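As C-alpha cells, the structure follows; a few thoughts come after it.
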Amino acid sequence: MIKDVGIYSNNNKDNLLLNGNESPKNINKDKYFKILEKLKKVDLNRYPDTDGDKLREAYSSYAGVSLDNIIIGNGSDEVINLVISKNIQKGDKLLTVTPDFVMYDFYTALNEGNVTKYNLDVDNYFNLEEFIGLGKRGNVKIVMFSNPNNPTGFAYSKENIIKILEAFKDKIVLVDEAYYEFNGESVVSLIDEYPNLIVTRTLSKAWGLAALRVGFLISNKDNISELSKYKTPYNVNTISQEIASIYLKEEVDSLNENLKLIINERERLYTELKKIEESAKSNKEFIKFYKSKANFIFGRAENKEELINAFREEKVTIRSFEDNSFRITVGLTEENNKVIEIMKYFAKQKN
Ligand code: PMP
C-alpha cells in the first residue's frame, strides 16, 4: 500500500514554517544578485550536463572524496529512489527503523517490496544486536536509515554503523546523511573499506538550498559506475547545477556561521522545552521532548492535536505525525522564542 507521506504545501507564506527542516535563512541578497548575473551565461536551449561534472567537482572537495565517487540527484530523494528501484523487486525486503524518513516506505512500496522496521521509538533506544537480528531473520536486501534520524534527532555512533556494515557485508547499507552537518559525524571516509556502503547527502538542509533540489550519492567507484547506468539523464537542471557549484565553492564560511547559529539555538530551544516538560511533571504523559543532533526537535504530547492547533492559531506550522508525536524545526532566535511562548502558554492552560 502506498502511504500518505505527509508532503506539506508550503505556499502559505503567511505562516512561520517550522515543519520542513529547512534552513531559516535565505541567501544574502547581494550574493543572490551576483549569482543571477552569472546565470545570464546559461544556454537555456541546451540540456544540462547529465553527470554534473562541475557540481560533482565542487561537492567532492567539500565531502573529501573524488568526483568518481559521486552521483548527483534531483534532491537526495532521487538517489534514494535510485538505490531502492535498482535493488528492490516484488517481495524483497528493506530494513529500516521506525520512525524514520517516510520516503523509504514510499519508494519500497512503489517497487512492491516490503519494509521491515526496528522500533527506535522507546526513548530513542537502539539495540544493535536486535536490529541486526531482525535484518538477518528477514533476509533483507537493503539496510537504510537516516543519521541523524529524522524525525527524532537520534544519532548512531560510528562504531555501531561499522558493526552494521560488517554484519550486512553482502547487502547494501545506505546511510542517509541529510542532516550530517548538524551532527558533524560522517561515514563517507569508509566507502572504500566497505563496498556495501552508500551515503546520501543533500543541499536542502544545512546549505539552505531546498529550492534547487540537489542531492548526492557517495560510494566506491564500482558502485557509482553500476548505479549510474540506472540514473535518469539530465536529472538536475542547469540553473540548480550552476548555483549549487558557486555556493559550494564560495559559501562554506556562511554555511559554518549558520550551522553555529542553528546548533546553539537547538540547544537553547531544547533546554527551554525541557523546563516546560519538567514543570508538568505531575502528569508524565503531558509532554516529552527528545535530545537532537539535527536541526529539529521531536516531541510527544498527550493532547497533540490541541497542541498543533495552538500553534496553528498563532500561524506557526509544525510537523504532526499519525501518533502522538510532532517535530519542530529549529528557526532563528525570535522564531524559537515564539515556539517557547506558545508551548508555555499551552502548558499553563493544560496544567
Ligand atoms: N533524507 C531525509 C532523512 C530527509 O529528512 C529528507 C528531506 N526531508 C531527505 C532525505 C530528502 O531531501 P532532499 O530530497 O531535499 O535532498
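For ligands, and for the atoms within them, numbers begin at 1 and follow the listed sequence. Quick caveat: nothing in here was measured; it's all calculated off a predicted structure.
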For ligand 1, is any non-hydrogen atom under 4.0 Å from [X]'s backbone (N, CA, C, O), its side chain (CB onward), both, or neither?
X	value
Glu78	neither
Asn150	side chain
Ser76	both

[X] to ligand 1, any heavy atom closer than 4.0 Å:
X	result
Met103	no
Lys205	yes
Asn21	no
Gly75	yes

Arg327 CZ to Asn150 CG distance, which is reported to the nearest 0.5 Å:
4.5 Å

Suppose we call two aromatic rings close when their centres sit under 6.0 Å apart. Are [X] and [Y] close by that rule?
X	Y	result
Phe154	Tyr156	yes
Tyr62	Trp207	yes
Phe145	Tyr118	no

Report the nearest protein non-hydrogen atom to atom 2 (C) of ligand 1: residue, atom name, distance rounded to 0.1 Å.
Asp176 OD2, 3.4 Å

Identify the protein heavy atom lying closest to atom 6 (C) of ligand 1, giving its residue, its atom name and the separation to 0.1 Å.
Phe101 CZ, 3.4 Å

Those atoms of ligand 1 less than 4.0 Å from some heavy atom in [X]:
X	result
Thr202	13 (P), 15 (O), 16 (O)
Ser204	13 (P), 15 (O), 16 (O)
Ser146	3 (C)

Using a plain distance cutoff, I'd like to know if Tyr104 has any nitrogen or oxygen under 3.5 Å from a nitrogen or oxygen of ligand 1.
no

Quick one: sort the Phe346 and Phe286 rings into parallel, tilted or perpendicular, breaks at 30° and 60°.
parallel

Candidates Glu272, Glu278, Glu277 - the one meeting salt bridge (Lys or Arg N to Asp or Glu O under 4.0 Å) with Lys274
Glu277

Should we count CD of Glu285 as having more than 12 external heavy atoms under 6.0 Å?
no

So does Lys293 pair up with Glu185, basic N to acidic O under 4.0 Å?
no

